[in-house]
Each structure stands twice: as C-alpha cells, then as structure tokens.
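Notes follow the structure.
Convention: sequence-line order gives letters A, B, ...; per-chain numbering from 1.
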There are 2 protein chains.
Amino acid sequence: MASSNNDHDQVKAAGLFERLWGKIVKFGLMLKKLGQDDPRRTVHSLKVALALTLVSMLFYFEPLYEGLGLAAMWAILTVVVVFEFSVGATIGRGLNRMMSTVVASALGIGAHRLATLTGNQGEPILIALFVFVEAGIVTFFRFIPQMKARYDYGLLIFNVTFCLVSVSGYRDKEVIQMGFERVCTITIGGCIAVAVCVFIRPVWIGVELHNRISTNMEKLANFLEEFGDEYFKVSENEQTREKSSFLEGYKSVLTSKGSENTMANLARWEPGHGNFRFRHPWEQYLKVGTLTRQCAFKIEALNNYLTSETQTPQEVKSIIQGPSVVISSECGKALKELATSVKKMTKSSSNEPHIAKSKDAAEELKAVIRSSLCKHPADSLHIIQEGAVASLLLEIITCIEKIADAAHKLASQAHFKDVKPTVKPDQENSVNDGPHHVITIEG
Amino acid sequence: MASSNNDHDQVKAAGLFERLWGKIVKFGLMLKKLGQDDPRRTVHSLKVALALTLVSMLFYFEPLYEGLGLAAMWAILTVVVVFEFSVGATIGRGLNRMMSTVVASALGIGAHRLATLTGNQGEPILIALFVFVEAGIVTFFRFIPQMKARYDYGLLIFNVTFCLVSVSGYRDKEVIQMGFERVCTITIGGCIAVAVCVFIRPVWIGVELHNRISTNMEKLANFLEEFGDEYFKVSENEQTREKSSFLEGYKSVLTSKGSENTMANLARWEPGHGNFRFRHPWEQYLKVGTLTRQCAFKIEALNNYLTSETQTPQEVKSIIQGPSVVISSECGKALKELATSVKKMTKSSSNEPHIAKSKDAAEELKAVIRSSLCKHPADSLHIIQEGAVASLLLEIITCIEKIADAAHKLASQAHFKDVKPTVKPDQENSVNDGPHHVITIEG
C-alpha cells in the first residue's frame, strides 16, 4: 500500500515535472520568436546591459566612489530610466532629465537659502510651502498638451530634484554640493546611455516613422491589387486562404494614429542622420499618414462586401467587373509606386500613369452604371450592392490623388532625390515589374 | 539726437513689454481653460503637492533623517514617479515598484555575496558579469507583450535595484542594510502616494473606461439621430452649423482603440469600489468598444455622403427618405438606450423596440429599392449613391444588434441591476424622453 502510494506520488511528480517542463519550453520558444521577429530587440537588450555594466564599473572602482559618493548611484538610475529603444526617445529623456535637473537644482538651492534666512522656526514651514507650491504648479503644467508631448518627463524630474535639493539637510554648503553632484552624475549617466544608444546599431525613430508611413501605403496597395480578383472571380478554395493575409493587412492602419503621433514627437529629438536632416518635415509625414488612414476607412467599407453573407450573383457582378478590376488594380499600383518612392526617398511621378488609367476606368464605370447596371433585370438589392462597390472605388481614386499630392509635397519638403529619367515616356508601363520590389534604406 | 534715441528705445521697450504681457495673459487663459475643462486636473495637482509635502516633512525632521539616512530620498522619488492621475495607474506603479524592489534587492544581495566569495581579484569581474546578464535578460523581458502591458515599470525598477544593490560597496553588512533601507523607504513613499490618491477625490480609471464606452455609443447615437434630418432636408444655413458638432463627435471613436486598451490594463489594478468589483469584466468593455468602433467606421462612410460634392437631387433622395429617416433615428435611439443602461449600470431591454422598428423600416426600405429606386428615370449615378446610403443604413442595423448583444452580455457579467418594470409594454416608447438625460454615476 505504502509502495503503491509512493509509485502514485512518483507518477504525479513526473506528470507535474513534465507539465512544468512543457511550460518552460513554450516560454523559451516564445522568447525565441520575439527575438527572431525583430532582431533589434536582442541588440537593444545587449546595449542596455553594456551601458549598465559600464556605469556600474565606473561606480565600483574606488576613486570615483570616493569622489562622487553615494550620489553616483544616480548615474546607474539615469542609465536605466533614460535608455529607450530608439535614439529619439533616449535623447529626449536624457535632455529632459539633464536640463530639468540643472534648473530645478538651482531653484531648490535658492528656495533652501531663502528658507534658512528666516531662522530655525520658520524654515520647515517655508520649505513645506515652497514644495507644495512648486509641486502643484509643475504637476498642473504636465496637463498642457504641448508640454505633455515633449517635456512630460522633464517636469517629473523637476519635481523630484526640487524637492530633494530644497529639503535635504541644513547647511548651504552641503546643499550646493548635493545639487552639483546630482547634475554631474546624471550627466555622466545620460551621456553613457545616449552614446551607447547612438553609436551601437542605433534605431532611429524617424526612420521607423518613415518606413511605417510607406508600409501602410503598401498595405492598402496590397488590398487594392487583390480586391478585384477576390471579389469578381469564383474563388478556388485553397488559393483564397493564402491571399487572405494580404486582404487583412490594412486593418492595422485603421488605428495607427496614436503611434504615428508618438513617433513624430520622438523623431524631433533626433539629430540629422543619413538622408534625414535635423528639421525633417515630420508633420508632413503625419499628413500623409492621416490621408492613408482615411483611405483605409474606405477600404474597410469595401472589405465588408468581400465578407458579406449576401453575395450578388456572378452575372450582376460581371456588369461592373471590367472597369472595377482596372480601378482597383491601378489604384493599388499607384499607391505602391508612391510607397516605393517614399521608401527610397526619391521624387517620382511613376504613380501618375496609374492614376490616369484608373480615372479613365472610372469614366467607363460611370458609363456602365448609366447604361446597363440599373437596367439589368436582376434583384434591385444586388444592383444596389454592386453600385455601392463601384461608388467606393470611385471615392478611393479621389483619396489616392490626395495621398499623391501630400506625398509629393513631402518629397519636396524633405528634399528627396530626383531620379534620372532612365525610362522613356512610352515605356512607363514597364516601371512596374511586379509587386515584390526589395527595398532597402541606406543609413 | 540722444534724447530721440532714448525715446525710441522706450517705445521699443514698451512694445516688447506689451507683447510679453500679451503672451503671459494668453498662457494664463490657456491654463484656466485646462482647469475648467476638467477640474480634476487641479485636484490632482493639489494631491501631488500634498503627498510630496508630507513625504518631504517626514524626511526633513531629524529623527527619521538619522534613522533612514540619505536613502530617505528614495521616498520622495517614489512619491513623484508613482503618483499618477488615476488610482489604477498609481496602484499599478506602486505595486510594481515595491515588489520588484524586494525581489531585486534579495537577488542583488545574493549576487554580491557570491561575488565576494571569489576574493578581491574575481569580484569586480563577476559583478560586471552578473549585471550584464541580469540587465540583458530583464530588458528583453520588457518586449513580451503581456509583461509590457502590466509589469513594464516593475522590470525597469528591477534593473535599477539589482544594479544598485549588487554594485554598491564592499561589505556584506552594508549591502544588506542598503537593500533593507531601499525597500523600507520605497514602501513608505508608495503608501503615501497610494493613500493620498485613493482617499482624496479618487479618479477611478475603471469608471473612466465605463463612461468612455457609453459616451462613445452616445456619440454615434447623436450622429444617427441627426443624420436623417441633415441628409434629406434642405438645410437652413444657420441651423446646419449648430448641428455639425453632433455630426463630428463620432470621429474620436475611430481611433480610440489604444486608449481603451490602456485603460482596461490599468483598471485591473483597482480594488472594488462602488458598483465595480475587483474582477469587473473589463475585457467585455473592450469588446463593446470594438463593436462600437466598427459601427463608427460605417458611420464614417455614411458621413461621406453628407459632405460629398455631388449631391443627389431632392426628388431622388425622397424615394428612400421615409424608411431611411426611420432607420437612422431608431438606430440612434436604440444606441442611446444602450448607452444609458450601460452608464446607469442597469439591465434594460428598452433598446429592443427601437431595433424592431428599424428592422421593419429596413424591410420597407428594401421594398422601396426593389419597386421604385432602380426604376426611377433619374441619372443612374444618383440612384447608386442613394443605394449606397441605404445599404450602409442596413449594415448599421446589424452592427447595432451586435453592440446590443455585447452590452447585454456585459450587463450580466458585471451584475448590472435589474430595473423594476415601471413601464408597461405598450408605454415603452415613452421611455425616450429626449436625448438630454443627465446621468450620474454613484461612487
């Protein structure tokens, strides 16, 4: 009986161990996937580890330890809280922290000196008052939208530093030394963080935004290029499933507003690099992004008809098929050309013939609607559905023209390169050699 | 000549002063508006000021100063960085900071002891190695989406604490004391911040999310209630402008995904309060929010026809006018009922008669399309546009049914109150006494 119990326990323990092991393996695979999806994550982790080891060693060895004292731990703290994934975020936090430490230290010393003038009795009351007023005002300033976007962290650190300096201890000399030490160590920490972030495989948030904007256009282009085939052709079961990833890609564009704004705010901190100058027109990227998103809303509406349960019979669909397929694919091609020229940072008008073709098809589509669609003997509801698809396609053309305008304005504001006219006007069609360009960004 | 110069300088200085004063006044007015728009901002600023003054005074008076030493400044730092606008965010950051400080201190002490065992030569190398490995792993963990959502700040503080404790100084005794002090002071700071945040006019992020979800529904309802009048009636210039704020309100719903997710993540930290239990079904709020957003995408498409340059002649519009106006306004009413019952936390089926009516009107609309719209002798393009409006309205009914389902599921999961059936079935229509309910939430 006891041995059977023992066996039972052993089996149970083995089962438990197996399940635990299974979880560990699963966790490990998840980590591996995270690293493979974006190898820069691994690089970033190693960079943080390096910066932290550097600053720790600086602190560890006695000369510095005696020189800067315990305040040196601010350097460690600074490296950890300042080091962000992108250069823009790191420089932004670093500058915020350094500048606000300098200003708040000075003010804190002033407040402390003012308070000591009143003698021992009034000192704590006056200091409490100063802290209360300063904290109230600075915290309220954090609600100002323009401040929040760029100086939120600076205001936070201002609060910390002012309190620490004005409250700490009794004698002026110590207070000034404390403020000075804090500024020094935070500068050391900030510089180490920024240096490691910038000089070892930097991730420029400006480049991220640049790529994001063009990738979003590409996602919409993918949808438009596939839409015609998908909507009008009788779908062969197997192929449909493969295509669906192209047709779903646009969905992330619908809700990308917040992250684009954040990226543009951070990009402003970055110095010039590669083809990006210091005052790169980030605002214009946001404008292109907004127009792209508006186009995505229309595509969302179009996508409804792909997944709709009430499918129109093929014979009704076939009335508008010809021009609709042309509009959809030409719009897709135009958008892809725009995306490519943004990504490559070139001025290009290779999208124009596609827009022109889609406009021709739009006229044809209108003619078809006038001449045949409404006169077809089919169920009116089906006719209306086809009409809705057609009218969305017409709107998408207008959208893409707006995107093209904004992209051209971006190209001139950001001084994109003029491309040599290696392609003659009558060969323009051959510019499109398929949807699978491999595009790389220099820098 | 000299006097004229002097006069000139004085005029210039006066102009400069005037402009500066103008800017200051403008800034002051902006601050005043910020405070008036949401008075909780002022309250929050005063709360932070109070908490910071409290912790400063604790630190200022000698007994504590000698007891906890310089480490007491961690308490000040903790109050500033932990104190957030909402209870959820404050508790989340506070717990993250406290828990990770405890664990990282223990690990840091272990690492330090292990390193000292190897003697003076090996110690710095081993410590550097520990710091490097720890920082690399913990930084990588911050990329795991589930970790990032709730424990990002904890992992950051883990990095700081492990480094500080393992690197700091030589003797074991000091290291243990340092870790202990850090845990104590951070706990004191965290508790002051959380206490002030919770006990003085707390802002519950869960309530915010709750209100946001129902306000978003209301915004869509406002659009739908106005749409019929706006689209079909000949607009009187003056009135149109007034209405437009109702018709634009839905736009903020289009891009609300990110903030809703953040709010739900923070709400999970909050203890039970008022009608909200600890494990309130926040996930279900997000589902209602997602469906509301999908409905907003359709409304965005509908809005295009309001602002479209090519307006259909009134005679074509009038074909679908009757049932379309009913659908739009009944959908609006249904959505408003849903919003109200979510806001008031009641189980209610008062939306159902409105949905039923809009479905009846939908059948009528389909019949009208079949019998008259396509046979009308007008320009087919105009017919198609009206068809598109009609088909969007039909889709919106489906959308609202889905929202109603999700809202009912929410009501049962969150144990909303059953309302006493004071209204008899045949009086149900009178439930709607206009769009301007004043609704308050208890707690």
**Report entry** Toward chain B, the part of A:Leu254 with a non-hydrogen atom under 4.5 Å
**Finding:** both

Query raised in the report: Which distance, rounded to the nearest 0.5 Å, do you find between the CD1 of A:Ile383 and the CZ of B:Arg370?
Result: 11.0 Å

Requested in this report: May I ask you to say whether A:Glu300 pairs ionically with A:Lys251, meaning some side-chain N is under 4.0 Å from a carboxylate O?
Outcome: yes

Requested in this report: Tell me, for A:Phe143 versus chain B, whether the close heavy atoms (under 4.5 Å) come from the side chain, the backbone, both or neither.
Outcome: both

**Report entry** Gap between atom CZ of A:Phe85 and atom OG of A:Ser45 - 0.5 Å precision
**Finding:** 9.0 Å

Query raised in the report: Which bit of B:Glu386 comes within less than 4.5 Å of chain A, counting heavy atoms only: side chain, backbone, both or neither?
Result: neither

Query raised in the report: Of the backbone (N, CA, C, O) and the side chain (C-beta and beyond), which part of B:Ile157 lies under 4.5 Å from a heavy atom of chain A, both, or neither?
Result: neither

Query raised in the report: In Å, rounded to the nearest 0.5 Å, how long is the span from SG of A:Cys197 to CG of A:Leu50?
Result: 12.0 Å

Query raised in the report: Hey, is B:Lys257 close enough to B:Glu260 for a salt bridge, meaning N to O under 4.0 Å?
Result: no

Query raised in the report: Is it the backbone or the side chain of A:Thr42 that comes under 4.5 Å from a heavy atom of chain B, or both, or neither?
Result: both

Query - Most chain A-contacting option - heavy-atom pairs closer than 4.5 Å, from B:Gly258, B:Ser256, B:Cys163 - result: B:Cys163

**Report entry** A:Phe141, part contacting chain B, at a heavy-atom distance under 4.5 Å
**Finding:** side chain

Report summary line: Turns out that what part of A:Tyr305 lies under 4.5 Å from chain B's heavy atoms comes down to side chain

Query - Under 4.5 Å from any heavy atom of chain A - which part of B:Phe162 - result: neither

Report task. Against chain B, label A:Phe27 side chain, backbone, both or neither, depending on which of its atoms sit under 4.5 Å from a heavy atom there. Result -> side chain

Query raised in the report: Using non-hydrogen atoms only, which part of B:Ile76 is less than 4.5 Å away from chain A: side chain, backbone, both, or neither?
Result: side chain

